[in-house]
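Notes follow the structure.
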Amino acid sequence: MCRNIKTLFNFDPPATGDEIHASALQFVRKLSGFNKPSQANAEAFDRAVAEISDSARRLLTSLHTHAPARDRETEAEKARERSRLRFG
């Protein structure tokens, strides 16, 4: 799966529409192999991003957990540390 797709569930504050859209865009880019589609494929590409964004939004609003919400800065720091260990 694409490394740029981030976990969006169970954060305080919740994921924004922009974060959900960015995740959907990365997913469609990965599936299609296009960073930017040609004019002939732009409509299908944009429609797929919109549909996946809608599905992701519905998923995130329907999920439930008893775990405490995660802090974005704490999770970002963990990711930076993993990257530092991996790449030096």
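- Put simply, OG1 on Thr7 and CD on Glu75 are 8.5 Å apart, with the number rounded to the nearest 0.5 Å.
- To the nearest 0.5 Å, the span separating OG1 on Thr16 from CZ on Phe11 amounts to 12.0 Å.
- How far CD1 of Ile20 is from NZ of Lys6: 15.5 Å, rounded to the nearest 0.5 Å.
- Remark: Phe27 CZ to Ile52 CD1 distance equals 5.0 Å, nearest 0.5 Å.
- Phe45 and Phe34 get closest at one heavy-atom pair: CE1-O, 4.0 Å.
- No side-chain heavy atom of Pro37 sits less than 4.5 Å from a side-chain heavy atom of Glu43.
- When all heavy atoms are compared, the tightest approach of Leu8 to Ser23 is CD1-CB, 4.1 Å.
- Separating the CZ atom in Arg84 from the CZ atom in Arg82 is a distance of 12.5 Å, to the nearest 0.5 Å.
- Residues Asp12 and Ala69 approach most closely at CB-CB, 3.7 Å, considering heavy atoms.
- The two residues Leu63 and Phe9 make their nearest non-hydrogen contact at CB-CE1, 3.3 Å.
- Side chains of Ser55 and Arg58: a donor-acceptor N/O pair is present below 3.5 angstrom, by distance only.
- Under the 4.0 Å criterion applied to side-chain N and carboxylate O atoms, Glu81 and Lys78 are not assigned as salt-bridge partners.
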(Q) Please determine whether salt bridge (charged side-chain N to carboxylate O under 4.0 Å, His left out) holds for the pair Glu73 and Arg80, giving the CA-CA distance in whole Å, both sets of side-chain angles, and the decisive distance to 0.1 Å. (A) CA-CA 10 Å; Glu73 188 52 41; Arg80 284 189 290 271; 2.7 Å; yes
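- For Ser53 against His21, the heavy-atom pair with the smallest separation is OG-CA, 3.6 Å.
- The line from CG of Asn10 to CG of Leu60 is 10.5 Å long, rounded to the nearest 0.5 Å.
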